[in-house]
2 protein chains.
Amino acid sequence: MVTKQFSGSPDETDLRRADSLAREIFSDVANKWALLIIEALGDRTLRFSEVLKEVDGISHKMLTQNLRMLERNGLVERTVYPTVPPRVEYTLTEPGQGLRGTVHLMCDWTQQHLGHIEEARGRFPS
Amino acid sequence: MVTKQFSGSPDETDLRRADSLAREIFSDVANKWALLIIEALGDRTLRFSEVLKEVDGISHKMLTQNLRMLERNGLVERTVYPTVPPRVEYTLTEPGQGLRGTVHLMCDWTQQHLGHIEEARGRFPS
DNA sequence: CGGCATCCGGTTCGATACTG
DNA sequence: CAGTATCGAACCGGATGCCG
């Protein structure tokens, strides 16, 4: 958290910083792989290879990158068991769970509007 | 809509089609420009140039592409007034409004967790 | 004003191979 | 098993210019 010296309300610079941070996070999170990973994790704890199987179509590389990004933003927790072969588990943090709620709504919405969308596509272009 | 002859429950082929359609829609919609446009439109009706101003950082080209995509999926309605100079207005359809609800939750979530995320970033890598 | 085409640099992404 | 590195191919996205 930023040190806020004496002013009771955030100054303009703070607001601008918050804005750009918000946009950055939004850009991180609003991409299909991140959202699908979050949805796949759900409330479970999965190994790397398990997530790989769950999120279909994702490559090894994209999964690594996105998991790192989510970890960096504090949305997933990464646990390494120093065994051989190595075992690494991923789980959503509490804030991650919150985001998952919204993702889940988006998935529901998609399912519910498949028909409408398919019909709209048939009409396009008008 | 697909003709469903006589079976009461969808057969396997239908389900697989629905799945791939769902993924396609999700991929279309789960990208930051699409989501930001939806959020910007809200319940208003905006001209092309107004959306361009509202969604900050978006280029003319990306806006056109994404508006087309959203229109194709029946999420925004495009109205052309054959005046000179031309006037084109965009508004969310009812299904689009539904999606907007989930987008809005995502934006709220982002705002609420700015602090947590910033802190998590400070700790990374552990 | 809004839309489309073109160009082109930067980034993404998948495939592959290699490490611990 | 999980992660990293590298290398092309594909795509994204901005800039520009032209048309109705």
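Here is the naming used below: chain letters follow the sequence lines, and residue numbers restart at 1 for every chain. As the structure is a prediction and not an experimental result, all values here were calculated from the model.
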Rounded to the Å, how far apart are [X] [atom1] and [N] [atom2]?
X	N	atom1	atom2	answer
A:N31	D:dG13	CG	P	11 Å
B:K61	D:dT16	NZ	P	13 Å
A:M62	D:dA2	CE	C1'	16 Å
A:L67	D:dC1	CG	P	17 Å
B:M69	D:dG13	CE	C1'	15 Å
B:Q65	C:dT6	CD	P	14 Å
B:I58	C:dG3	CD1	P	13 Å
A:L63	D:dA2	CG	P	10 Å

Q | Plane angle bin for B:H113 and B:H116 - parallel if under 30°, tilted between 30 and 60°, otherwise perpendicular | A | perpendicular
**Q.** Those residues that, when tested against A:R121, pass salt bridge (Lys or Arg N to Asp or Glu O under 4.0 Å) (two or more places apart)
**A.** B:E24, B:D28
Q: Would you indicate what B:Y90 reaches in the nucleic acid, counting non-hydrogen atoms under 4.0 angstrom: base, sugar-phosphate, or nothing?
A: sugar-phosphate
Q: Would you indicate what B:R87 reaches in the nucleic acid, counting non-hydrogen atoms under 4.0 angstrom: base, sugar-phosphate, or nothing?
A: nothing
Q) Partners of A:F48 by ring-ring contact (aromatic ring centres under 6.0 Å, His included), sequence neighbours excluded? A) A:H60
Q: Record whether the side chain of B:H60 comes under 3.5 Å of the base of C:dG2 through a donor-acceptor pair of N or O atoms.
A: no
Q. Does the distance from a Lys or Arg side-chain N to an Asp or Glu carboxylate O, for A:R44 and A:E54, drop under 4.0 Å?
A. yes
**Q.** From CD1 (B:I117) to CG (A:L21), nearest 0.5 Å
**A.** 7.0 Å
Q) Atom OG1 of B:T91 and atom CG of B:L46: how far apart are they, to the nearest 0.5 Å? A) 8.0 Å
Q: Determine whether the side chains of A:Q97 and A:R100 contain a donor N or O and an acceptor N or O closer than 3.5 Å.
A: yes
Q. Is there a side-chain polar atom (N or O) of A:R78 under 4.0 Å from OP1 or OP2 of D:dG3?
A. yes
Q.
Please determine whether a side-chain nitrogen or oxygen atom of B:R47 lies at a distance below 4.0 Å from atom OP1 or OP2 of C:dG2.
A. yes
Minimum-distance nucleotide (side-chain atoms of [X] versus [options]):
X	options	answer
B:P85	C:dC1, C:dG14, D:dG13	C:dC1
B:W33	D:dA2, C:dG2, D:dG14	D:dG14
A:P86	D:dT4, C:dG20, C:dG2	C:dG20

(Q) Using five pairs at each end of the helix from C:dC1-D:dG20 to C:dG20-D:dC1 to define an axis, what is the angle between those two axes, to 10°? (A) 40°
**Q.** Of A:N66 and B:T64, the one whose closest DNA chain C nucleotide lies more 5'
**A.** B:T64
